[in-house]
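Written out below as structure tokens is the structure these notes cover.
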There are 2 protein chains.
Amino acid sequence: MKTTRNTPAKTAILEIFEKSKTALSHTEIQKQLNDVCDRVTIYRILDRLMNDDIIHKISNLDGTVKYAKCNHSHQRVHIHNHAHFSCENCNEITCLENVKPSYIMPHNYKVKEINFTLSGLCPKCLNSDI
Amino acid sequence: MKTTRNTPAKTAILEIFEKSKTALSHTEIQKQLNDVCDRVTIYRILDRLMNDDIIHKISNLDGTVKYAKCNHSHQRVHIHNHAHFSCENCNEITCLENVKPSYIMPHNYKVKEINFTLSGLCPKCLNSDI
DNA sequence: AAAATAAAGCAACAATGTTGCGATTGTGTA
DNA sequence: TACACAATCGCAACATTGTTGCTTTATTTT
């Protein structure tokens, strides 16, 4: 079985996620890393972190892809069924851990994962009178 | 004020949407068009159709972007608040027009648009014993 | 310390989306 | 119906994002 290693780049990326309150794109991570490692390495680390359920992927309405730390909290089985909020002004994506949609599905569909993204104005931008 | 025109390429693309039961990516449209027009033209037509609220954009969990016809039905104000289903087997995206999530938002957020995408197995793939 | 192998770096490539500009073509109006 | 003019198109060039193969580096285990 594959063992995962702790490398400087991985540690650096985890620290960036730890510090950030919002989801980050590959590009944003790269800027914050300041050439700690190669662009490709970032992709590979993100892949590994997703496999290990440490981060999750979020795709915005516009097709932008971002990543955020998973909040494992209490659940034994880890499902990313919380909502995300995408601000159309500052483009920040935040996890709304407590917002869970309820819905009724037609028969014959097997739902395994859900992605619930709301967009509009975040509190910060709403208050700055746009 | 800008007037929009009906060009052969736009008509062809609209017909493709009309015939398709699932959402289509730029690439899928291009294949079906069989060199009716340039790749760039497709992008521009899709942009126009979105501005005119004739189609809407859907971004999948994996970051894939697709487009589908809007169903204007009864609502006066057109909001894309229906759900989409993305099949992890056949990769087709279908609009679930009647599935509308209910949710409770924290204060201070102004929600303008929502994107609710479920993924798993569609009826077609569920029945073919995977 | 050496062996085993996960991870990094580099280069090259693929897919997707954007921009500028000159040429073409729909369409309202004369 | 013909004209004028703006909307649209095609092309080339570029930007961004993501992937792959292969060699080298470095972490971990023995």
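These numbers were taken from a predicted model, which means no experiment stands behind them.
Between the CG atom of B:Asn60 and the C1' atom of C:dT16 there is a distance of 16 Å, rounded to whole Å. When the P atom of C:dT18 is taken as reference, atom CG of B:Leu46 falls 10 Å away, rounded to whole Å. The nearest whole Å value for the distance from the CG atom in A:Asn51 to the C1' atom in C:dA6 is 14 Å. Here D:dT16 presents its P atom at 14 Å from CD of A:Glu28, a figure rounded to the nearest Å.
Among the nucleotides C:dT27, D:dT20, C:dT18, the one closest to any side-chain atom of B:Val40 is C:dT18. Of the candidates D:dT19, C:dG9, D:dT27, D:dT27 carries the atom nearest the A:Arg5 side chain, counting heavy atoms from C-beta on.
Two residues, B:Thr4 and B:His26, neighbour DNA chain C, and the one matched to the more 5' nucleotide by heavy-atom proximity is B:His26. When the nearest nucleotides of DNA chain C are assigned to B:Pro8 and B:Val65 by heavy-atom distance, the more 5′-ward of the two goes with B:Val65.
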Item to check | Intermediate values then yes/no, side chain to side chain contact (heavy atoms under 4.5 Å, CB included), B:Glu28 and B:Lys66 | outcome: CA-CA 9 Å; B:Glu28 288 164 339; B:Lys66 300 213 176 190; 3.4 Å; yes
Item to check | Test log, rule side chain to side chain contact (heavy atoms under 4.5 Å, CB included), inputs A:Tyr103 and B:Leu118 | outcome: CA-CA 11 Å; A:Tyr103 56 96; B:Leu118 302 120; 3.5 Å; yes
Item to check | Check against side chain to side chain contact (heavy atoms under 4.5 Å, CB included), B:Asn115 and B:His84 | outcome: CA-CA 8 Å; B:Asn115 175 24; B:His84 297 114; 4.2 Å; yes
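For D:dC9, the OP1/OP2 oxygens have a side-chain nitrogen or oxygen of B:Thr7 closer than 4.0 Å. Distances shown here put every side-chain N or O of A:Thr3 at or beyond 4.0 Å from the OP1 or OP2 atom of D:dT28. Taking only side-chain nitrogens and oxygens, A:Thr27 never comes nearer than 4.0 Å to OP1 or OP2 of D:dT16.
A:Arg48 comes within contact range of the sugar-phosphate backbone alone, with a heavy-atom separation under 4.0 Å but no base atom that close.
A donor-acceptor contact under 3.5 angstrom links the side-chain atoms of A:Arg44 to the base of C:dG9. For B:Arg39 against C:dT16, a side-chain-to-base donor-acceptor contact under 3.5 Å is absent.
Below 30°, between 30° and 60°, or above 60°: for A:Tyr43 and A:His26 the angle between ring planes is below 30°, a parallel geometry.
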